[in-house]
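In what follows, a structure is listed as structure tokens, so that the remarks can point back to it.
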Amino acid sequence: MSIECPEAYIIAGQMFKELNGKTITNYEVQNSQQLQHKGFISKNLDFNQIIGRKILSVTSRGNTILVKLDNYWNLILAPEYGGNILLHTTQSILPKFHLKIDIQNVILTISLTGIGCIQAVEDHLLRTNYLYNRDFSQILNPLEANFSFDCFIKKLDAKKQNIKAAIVGKTAVIVGISNSAFQDIIYRAKINPKRNTGTLTIEEKKALYMAITQLIGERLEAGGKKQFVDLYGTPGLYVANMGSNKKGQMCRICGSTIEKINHGGGQVYFCPVCQK
């Protein structure tokens, strides 16, 4: 289950509350070799440079969590295609992990279940880091105050591309939305996944904007989506209106059978009647 901007925001806020001002005392890497061929995890597995560093801040943007350390170092954490970032006491029985970080009187474990990132990066190299460059950028962030309708449609109109490419991926006009949220968003907005943004009416653009803001707000309020767990292991409660969990079911609005197509590098579920 992918970690998207609401979930990254939740974890970053909890990490800041628990870890800000504390010093990293040790680390351990385990079970990481099997992930190296399919992710962005640091190839040398050397995190010695973070030992003795104080945590100055923890922020998120898009799918990425940035842990700012003193002496010009950073930790980039991005369990994009699933994973857990968990806090433990020193007496806890630890789950399997890829990176364990000892931070004074607590322990942080990070594990990935698919494509993702665990990297230590110096300040001067941040701009050449793919994930930092993608998420901490000028691309609109739906969690920031400047995510207005006018800014959104201006970016959307400039693209004139398939609706999925405009919401998810390298050419998207916003950061932090993956295929999971995309299906839910266009279902709420009643837009077919094969539509081009150049064909959207002003009413459809408004519906799309509202769907994005409502979805993110609801997921934050629910503590993240189902199958996500926060820093304390508490599961999220948000259940998507559309997605693989609706396979074989009827649309709750019109009663039509939910359909599935392979589209934009993944599977998309939608209602062929409601979503035109």
Side-chain angles (χ1 to χ4, degrees), residues 1-8 38-39 62-63 78-83 113-116 134-135 139-142 152-153 155-201 203-219 222 224-228 236 238-276:
M1 178 63 70
S2 60
I3 301 297
E4 298 170 277
C5 61
E7 290 75 30
K38 62 180 179 179
N63 309 76
E80 297 203 348
Y81 280 56
T113 56
I115 295 173
R134 182 195 68 185
D135 287 358
I139 301 173
L140 290 174
N141 179 4
F152 176 64
I153 61 169
K155 299 289 186 182
L156 201 66
D157 289 345
K159 290 287 186 177
K160 290 185 172 57
Q161 59 183 346
N162 176 266
I163 184 68
K164 184 173 182 180
I167 303 299
V168 180
K170 293 181 179 180
T171 61
V173 301
I174 56 176
V175 293
I177 299 297
S178 301
N179 192 47
S180 173
F182 166 73
Q183 297 173 83
D184 205 342
I185 287 167
I186 61 169
Y187 178 63
R188 289 168 178 252
K190 298 185 178 180
I191 297 172
N192 189 281
K194 292 186 176 181
R195 289 282 298 278
N196 188 289
T197 58
T199 69
L200 299 178
T201 66
E203 289 77 16
E204 288 173 324
K205 292 172 187 175
K206 287 179 181 177
L208 184 62
Y209 173 78
M210 290 302 299
I212 293 169
T213 56
Q214 289 171 358
L215 171 78
I216 289 173
E218 289 175 19
R219 274 174 48 172
K225 59 188 176 182
K226 193 176 180 181
Q227 297 180 325
F228 161 79
Y238 179 82
V239 179
N241 293 288
M242 182 58 69
S244 58
N245 61 313
K246 302 300 179 183
K247 182 179 180 180
Q249 296 186 26
M250 293 187 301
C251 171
R252 62 182 178 83
I253 297 173
C254 72
S256 300
T257 303
I258 302 300
E259 293 185 2
K260 178 185 75 172
I261 58 171
N262 293 319
H263 179 60
Q267 296 177 339
V268 177
Y269 294 80
F270 71 105
C271 173
V273 175
C274 291
Q275 294 175 251
K276 298 296 187 181

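Computation of the quantities below employed the complete heavy-atom set of this structure, encompassing side-chain atoms and omitting hydrogens, waters and symmetry-equivalent molecules. Sequence positions, counted from 1, serve as the residue numbers for this chain.
Each side chain to side chain donor-acceptor pair (under 3.5 Å) pair with one or both residues in residues 266-276, not counting sequence neighbours, would appear here, but there are none.
Here the side chains of D157 and T197 are not in contact, with every heavy-atom distance at 4.5 Å or above. Side-chain contact between P142 and C5 is present, with at least one heavy-atom pair separated by less than 4.5 Å. Counting heavy atoms from C-beta on, the side chains of L156 and L200 come closer than 4.5 Å. Taking 4.5 Å as the limit, some side-chain heavy atom of I212 sits within range of a side-chain heavy atom of I167. Using a 4.5 Å cut-off on side-chain heavy atoms (C-beta onward), R252 and N241 make contact. A heavy-atom distance below 4.5 Å is found between the side chains of H263 and P193. Looking only at side-chain heavy atoms (C-beta outward), N196 and I163 stay at 4.5 Å or farther from each other.
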V268 and K260: CA distance, side-chain angles, deciding distance, side chain to side chain contact (heavy atoms under 4.5 Å, CB included) verdict: CA-CA 6 Å; V268 177; K260 178 185 75 172; over 6 Å; no

Show your reasoning for whether side chain to side chain contact (heavy atoms under 4.5 Å, CB included) applies to I153 and Y209. CA-CA 8 Å; I153 61 169; Y209 173 78; 6.0 Å; no

Pair E259, K194 - check salt bridge (Lys or Arg N to Asp or Glu O under 4.0 Å), show working. CA-CA 13 Å; E259 293 185 2; K194 292 186 176 181; over 6 Å; no

Verdict with reasoning, E4 to F228, per side chain to side chain contact (heavy atoms under 4.5 Å, CB included): CA-CA 10 Å; E4 298 170 277; F228 161 79; over 6 Å; no

Show your reasoning for whether side chain to side chain contact (heavy atoms under 4.5 Å, CB included) applies to L140 and K155. CA-CA 9 Å; L140 290 174; K155 299 289 186 182; 3.8 Å; yes

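Going from atom CZ of F182 over to atom CZ of F270 covers 10.5 Å, rounded to the nearest 0.5 Å. For the atom pair OG (S178) and CG (N63), the distance works out to 4.5 Å, reported to the nearest 0.5 Å. With rounding to the nearest 0.5 Å, the separation of CD in E204 from NZ in K206 is 12.5 Å. The OG atom of S244 sits 9.0 Å away from the CG atom of N179 when rounded to the nearest 0.5 Å. Atom OG1 of T171 sits about 9.5 Å away from atom CD1 of I139, to the nearest 0.5 Å. Between atom OG of residue S180 and atom NZ of residue K226 there is a gap of 12.5 Å, rounded to the nearest 0.5 Å.
Of all heavy-atom pairs spanning C251 and C254, the tightest one is SG-N, 3.4 Å. In terms of heavy-atom proximity, C271 sits nearest to S256 at SG-CB, 4.2 Å. In plain terms, the two heavy atoms of K225 and E7 that are nearest each other are N-OE2, 3.1 Å. The minimum heavy-atom distance linking A211 with I185 is given by the pair CB-O, 3.4 Å. The heavy-atom pair separating G243 from Q183 by the smallest distance is CA-OE1, 3.7 Å. For P79 against I3, the heavy-atom pair with the smallest separation is O-CG1, 3.0 Å.
A salt bridge links R134 with E80; the closest basic N to acidic carboxylate O contact falls under 4.0 Å.
Under a cut-off of 6.0 angstrom, the local environment of NZ in K190 is sparse, with at most 12 non-hydrogen atoms contributed by other residues, nucleotides or ligands.
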